[in-house]
There are 2 protein chains.
Amino acid sequence: MKNAVYFQSGGPTAVINSSLYGVIKAYCSTDRIDTLYGARHGLEGLIKGDLVEIEKDLSKYEEIQYLNGAILGTARRCLKDISVDDGYEKVLSTLKKHDIGYVFVNGGNDSMDTADKLNKYFLSIGFDCIVIGIPKTIDNDLVNTDHCPGFGSAVKYVVRTTMELFLDINAFNPGRVTVVEIMGRDAGWLAASSIGAKLFNLGPDLIYLPETSFDIERFIEDVKRVYNEKNRVLICVSEALKDRNGKYISMDEKLDSFGHVQLGSVSKYLVSLVEDKLKLKTRNIEFSLVQRCASHLQSKLDREEAIGVGEKAVEYALNNQRGMVSIIRDSDYPYKSHFELVSLSSVANAIKHLPLEYINEAGNYVNDSYLDYIRPFIDEDEINIKSGLLFLKK
Amino acid sequence: MKNAVYFQSGGPTAVINSSLYGVIKAYCSTDRIDTLYGARHGLEGLIKGDLVEIEKDLSKYEEIQYLNGAILGTARRCLKDISVDDGYEKVLSTLKKHDIGYVFVNGGNDSMDTADKLNKYFLSIGFDCIVIGIPKTIDNDLVNTDHCPGFGSAVKYVVRTTMELFLDINAFNPGRVTVVEIMGRDAGWLAASSIGAKLFNLGPDLIYLPETSFDIERFIEDVKRVYNEKNRVLICVSEALKDRNGKYISMDEKLDSFGHVQLGSVSKYLVSLVEDKLKLKTRNIEFSLVQRCASHLQSKLDREEAIGVGEKAVEYALNNQRGMVSIIRDSDYPYKSHFELVSLSSVANAIKHLPLEYINEAGNYVNDSYLDYIRPFIDEDEINIKSGLLFLKK
């Protein structure tokens, strides 16, 4: 009988630990895996042999399904090409040492690329080990899955907090031009979800996304028009806006250790433009890490699906299947979904952008059809505000 | 029989509308006030005569006790000296026109100064009108009250979010030097409340407050020491840190319309220092408006007290008493309190700083005794995280 190892990779979310809980749950109900290890700090744990043994007793882990962060530790370390990366052999050595036949990789695009590389490596050398990807990202930009665990809780945070900000900003007359900056390195899924606040009449006035090119002149015109009408403007933007030449709109740029561009604050830049060109009072707000941390607004559906992809990963592995667990949506109302397995190589490093059909023609708002996509996460009790506009203008 | 008017003033909180609910509740259970008006956008509504009539039917207003913002609208407009401000006469004209004998002012220091000025003006001209102050501020810096409605919910937000950030940052090894910036224009009450996360072993490593002078060299030494031990540093700071000469530590400074200093980002400045001097990866996070907006983490106790001061204000007014409703704490465990009336002039424009006994000798942390002060707000279910450090270092 073989052992198994699970690791967490990339940015934490409100439900990556729920997926770990799902893996433990499946482990506790099978007799076909001897020991389940967790690798600490992602791939680095596998490389260094830093493993922790997980007890076969689900009752000890009940609370972790509700915890944000990455309770085993995470890392940004991924595998490069085998010709330049000695990680492959080190991972192999750890797996052999601990008699591991199943590797569960819980992460986003970069992590699925690493899972894919490990899988191909094992096949090429005839090493008997199954690699399964468990999706996770608040950016929601993995292909071949309807959505990714982590996204739903982040949506719930963005929608509720946008509503609360609306109530705060609307209390002043005139109110400020407020620009809220929302995560999403290359895709606008999460920033677009701010439209959800519209269901409660507390939605933003303008939304800008990386899927359409950002034009500063048009932006200033939009702000001026809304301000003239409402005496305040609430704007939600993706952190990754780009101009027509593909250049990021931001104060400053840096490269991280993967060579990904580390964005400066686009919201800071936009409010400086508004102050400069329209002489209006402004404020910029970055949801920053809090939007991926906010376990106090964890979505029940998101948690259940995160647990589900973890459980399903173990089931596929024990069936000798390889790939990433994917969520297929069967219907919006009532929301129904099921899981399927897709190939790791189809997911690795690919980016699923927000389809343009969800964005209005002017490129400054989101269409109502997107509400069908995100409603399963916001039709939860904690989010409801009904009468926020009893006395003031909408 | 006289009419009454209520207005909201200064920054919105998670429970200022709860105080309005309390006023409406008392209004609905007395036959000694004919009509209750709300002035829109604070004092400006009284000056312009922009009043809205509130119905004598509590069932229509149940939800507003849970809403953040300032549902009647708020403003920063306060009264200046009577020799230069024609607001007094305009307010008087509105009050006479609507036969108003009771004015309820819901706000912080500046607003209590305005309430005090109105009260003295009415007495000086023999106008028969009672002014009652209803305290409100997340900064918690009003004197002559144990604490202020609005503070408790902000504490709950700060504590829970600090815990969540701890879990996120602790997942990386090395983790970044993360500086969290917390509101409080002159007083460190709210920033100090981040110590509450320590109850769950998820507390910050360093806390800096405006009550002690901030020394950049010592700060850099503190960060170096903690980083060497833990490979990450979580720091909570007040937005209003000052150096030994009383100069604000910040990127840039502006004056608002009251002449108060508008602070630039102190956290941005501090992380730039850390990057520069220690060559470490950093992140700065500003809780910004969200910390005063977060009605989804509204404290039950805070809401109940906010309603209570609203109800009590009406009771005092009908007894022909003048002043601000104050919260007196009778015991910590179990928490007990009652209301008293204090004079408006004793509260007006005074600032209650965090007592130095709550700050450690090195000026870089908060003493455990402060936990007794804030626990009534954090001993609520939504905040509890027990097992966040199952696998990683504390």
Side-chain angles (χ1 to χ4, degrees), chain A residues 8 11-12 14 16-17 38 40-41 44 52 54 60-64 66-76 157 160-161 163-173 178 256 265 268 283-290 292-297 382-383 385-392, chain B residues 8 11-12 14 16-17 38 40-41 44 52 54 60-64 66-76 157 160-161 163-173 178 265 268 281 283-290 292-297 382-383 385-392:
Chain A
Q8 302 178 320
I16 187 171
N17 293 321
R40 280 203 280 219
H41 295 295
E44 284 175 10
V52 55
I54 292 170
K60 298 208 164 162
Y61 303 103
E62 284 299 331
E63 206 196 43
I64 68 173
Y66 306 106
L67 281 183
N68 70 286
I71 195 171
L72 280 166
T74 186
R76 302 261 176 217
Y157 175 85
R160 172 78 199 199
T161 307
M163 291 156 68
E164 291 172 350
L165 285 172
F166 182 107
L167 288 173
D168 193 286
I169 292 156
N170 197 51
F172 292 94
N173 185 22
T178 302
D256 73 7
S265 169
K268 186 90 187 155
R283 189 186 289 267
N284 76 302
I285 296 173
E286 296 172 39
F287 285 162
S288 190
L289 295 189
V290 182
R292 76 182 190 197
C293 283
S295 46
H296 65 277
L297 275 176
E382 303 85 334
I383 213 162
I385 290 179
K386 282 193 217 85
S387 54
L389 298 167
L390 217 48
F391 300 116
L392 299 177
Chain B
Q8 303 178 321
I16 188 170
N17 293 321
R40 281 203 278 220
H41 296 294
E44 285 175 9
V52 54
I54 292 169
K60 298 210 163 158
Y61 302 102
E62 285 299 330
E63 207 197 41
I64 68 172
Y66 305 107
L67 280 184
N68 70 286
I71 196 171
L72 278 167
T74 186
R76 302 261 176 218
Y157 175 84
R160 172 77 199 201
T161 307
M163 291 157 68
E164 292 172 349
L165 285 173
F166 182 108
L167 288 172
D168 193 285
I169 292 155
N170 197 51
F172 291 94
N173 186 22
T178 303
S265 170
K268 187 89 188 158
K281 277 191 160 183
R283 190 186 289 267
N284 77 302
I285 296 172
E286 296 171 39
F287 285 163
S288 189
L289 295 190
V290 182
R292 77 181 190 197
C293 283
S295 46
H296 65 277
L297 274 176
E382 303 85 334
I383 213 163
I385 290 179
K386 281 194 219 86
S387 54
L389 298 167
L390 218 48
F391 301 116
L392 299 177

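Because the structure is a prediction, the values reported are computed rather than measured. Sequence lines set the chain letters: A, B, ... in the order given, protein chains first and strands last, and positions in each chain run from 1. For the numbers below, each heavy atom of this structure counts, side chains included, while hydrogens, waters and symmetry mates do not.
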Flag side-chain contact, heavy atom, 4.5 Å: B/Ser288 against A/Glu286: no

How far apart are the C-alpha atoms of A/Asn17 and B/Leu167, what are their side-chain angles, what is the distance that settles it, and do they pass the side-chain contact (heavy atoms from CB on, under 4.5 Å) test? CA-CA 11 Å; A/Asn17 293 321; B/Leu167 288 172; over 6 Å; no

Which one of B/Ile54, B/Val290, B/Thr178 has the most heavy-atom pairs closer than 4.5 Å to chain A? B/Val290

Between A/Ile169 and B/Leu289, is there a side-chain heavy-atom distance shorter than 4.5 Å? yes

Within the structure provided, determine whether A/Phe172 and B/Arg76 are in side-chain contact (heavy-atom separation under 4.5 Å). yes

Check: B/Ala171 main-chain N/O paired with A/His41 side-chain donor or acceptor under 3.5 Å: yes

Need one label for B/Glu44: side chain, backbone, both or neither, based on atoms under 4.5 Å from any heavy atom in chain A. side chain

Part of A/Ala14 within contact of chain B (heavy atom distance under 4.5 Å): neither

Just to verify, which of B/Thr161, B/Leu165, B/Ile285 counts as forming a side chain to side chain contact (heavy atoms under 4.5 Å, CB included) with A/Cys293? B/Leu165

Interatomic spacing from CG in B/Asp168 to OG1 in A/Thr74 - rounded to 0.5 Å: 9.5 Å

Do any N or O atoms from the side chain of A/Glu164 and from the backbone of B/Asn68 form a donor-acceptor pair under 3.5 angstrom? no

What one should report as the nearest heavy-atom pair of B/His296 and A/Arg160 is N-NH2, 3.3 Å

